[in-house]
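Throughout, protein chains are lettered first and strands after them, A, B, ... in sequence-line order, and every chain is numbered starting at 1.
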Amino acid sequence: MNSNNFYERVYDIVRQIPEGRVTSYGAIARALGAGGSSRMVGYALQVCGGAYPPVPAHRVVNRVGLLTGKRAFGSPTMMAQLLENEGVSVTDDQVVDFDRLFWDPGGVLGG
DNA sequence: GTGGTGACGTATA
DNA sequence: GTATACGCCACCA
């Protein structure tokens, strides 16, 4: 399994995020068994640039829908634009209707 | 091997 | 409800 590494664990889940949806670090962390290690999730996404297939890190935000990792895309607005490209509205670096667009990785992986 | 850091989340005052 | 402190654990020096 290529998911033996912690990073790929995160990548695998993030890539499961459907288009036009978003999720939180905590949800991903719990899905991979990290639970309170939500910080490691974002850390992994920061270096997702060397992962393949590419990881839609722009679909991952904090638990309030805030685009905290926007700076990891090279531009402070790139993350928001990528989301808008998929139909996700973003205001003030914050996802609109986050609760509605929220996607639970465990709800799919768990079957 | 030890110390510091971090795209977060939870608990406490 | 707002503000502060802690924990969590993998990566880097």
Side-chain angles (χ1 to χ4, degrees):
Chain A
M1 243 351 173
N2 57 356
S3 299
N4 283 342
N5 299 97
F6 181 86
Y7 279 24
E8 295 190 4
R9 284 290 191 100
V10 179
Y11 301 156
D12 187 37
I13 293 174
V14 175
R15 287 189 294 237
Q16 300 295 340
I17 303 174
E19 188 174 299
R21 296 272 193 256
V22 292
T23 190
S24 64
Y25 305 94
I28 296 170
R30 295 169 82 88
L32 56 85
S37 303
S38 47
R39 307 181 77 173
M40 279 65 259
V41 178
Y43 200 104
L45 295 175
Q46 207 272 4
V47 295
C48 75
Y52 188 87
V55 180
H58 60 271
R59 294 179 188 161
V60 188
V61 294
N62 68 345
R63 103 141 194 107
V64 297
L66 197 69
L67 279 56
T68 35
K70 59 186 178 176
R71 54 187 289 103
F73 292 79
S75 184
T77 56
M78 180 58 67
M79 188 173 184
Q81 294 206 0
L82 290 172
L83 289 169
E84 290 181 341
N85 254 332
E86 302 193 351
V88 180
S89 299
V90 179
T91 299
D92 189 28
D93 299 336
Q94 189 172 308
V95 177
V96 179
D97 293 340
F98 172 73
D99 292 345
R100 293 173 62 87
L101 299 174
F102 181 80
W103 176 82
D104 182 3
V108 179
L109 299 176

Given atom [atom1] of [X] and atom [atom2] of [N], what is their separation to the nearest angstrom?
X: A/Asn62; N: B/dA7; atom1: CG; atom2: P; value: 12 Å
X: A/Leu67; N: B/dA7; atom1: CG; atom2: P; value: 14 Å
X: A/Gln46; N: B/dT5; atom1: CD; atom2: C1'; value: 12 Å
X: A/Tyr25; N: B/dT10; atom1: OH; atom2: C1'; value: 17 Å
X: A/Leu66; N: B/dG9; atom1: CG; atom2: C1'; value: 14 Å

Is the shortest heavy-atom distance from the side chain of A/Ile17 to the side chain of A/Pro105 under 4.5 Å?
no
Rounded distance in Å between the P positions of C/dC6 and B/dG4:
15 Å
Restricting to pairs with a member in [range], which pass salt bridge (Lys or Arg N to Asp or Glu O under 4.0 Å), not counting sequence neighbours?
range: residues 34-47 of chain A; answer: none
range: residues 19-37 of chain A; answer: none
range: residues 47-64 of chain A; answer: A/Arg59-A/Glu86

Once you apply a heavy-atom cut-off of 4.0 Å, does A/Ser38 come out as touching a base, just sugar-phosphate, or nothing?
base
Check every strand shown and say whether A/Ala44 touches a base, only sugar-phosphate, or nothing at a heavy-atom separation below 4.0 Å.
nothing
With A/Asp93 via side-chain hydrogen bond (donor to acceptor under 3.5 Å, both in side chains) - residues at least two apart
A/Lys70
Residues clustered with A/Val90, ILVMFWY side-chain links under 4.5 angstrom:
A/Val22, A/Val61, A/Leu67, A/Phe73, A/Met78, A/Met79, A/Leu82, A/Leu83, A/Val88, A/Val95, A/Phe98, A/Leu101, A/Phe102
Return the stems involving DNA chain B, sorted by first number, where pairs are Watson-Crick (N1-N3 with N6-O4 or O6-N4) or G-U wobble (N1-O2 and O6-N3), both under 3.5 Å, and runs are 3 or more long.
B:2-6 with C:9-13, B:8-13 with C:2-7
Under 3.5 Å, side chain of A/Thr23 to main-chain N/O of A/Trp103, donor-acceptor pair present?
yes
Any residue meeting side-chain contact (heavy atoms from CB on, under 4.5 Å) with A/Thr77, in chain and number order, not counting sequence neighbours:
A/Ser75, A/Gln81
Please list, chain by chain and in numerical order, all residues satisfying side-chain contact (heavy atoms from CB on, under 4.5 Å) with A/Tyr7, sequence neighbours excluded.
A/Tyr11, A/Tyr43, A/Ala44, A/Val47
Winner on side-chain proximity to A/Arg39, out of B/dA7, B/dG9, B/dC8, is B/dC8
Taking 5' to 3' order, which nucleotide of DNA chain C is first and which is last to have an atom within less than 4.0 Å of a heavy atom in chain A?
C/dG7 to C/dC11
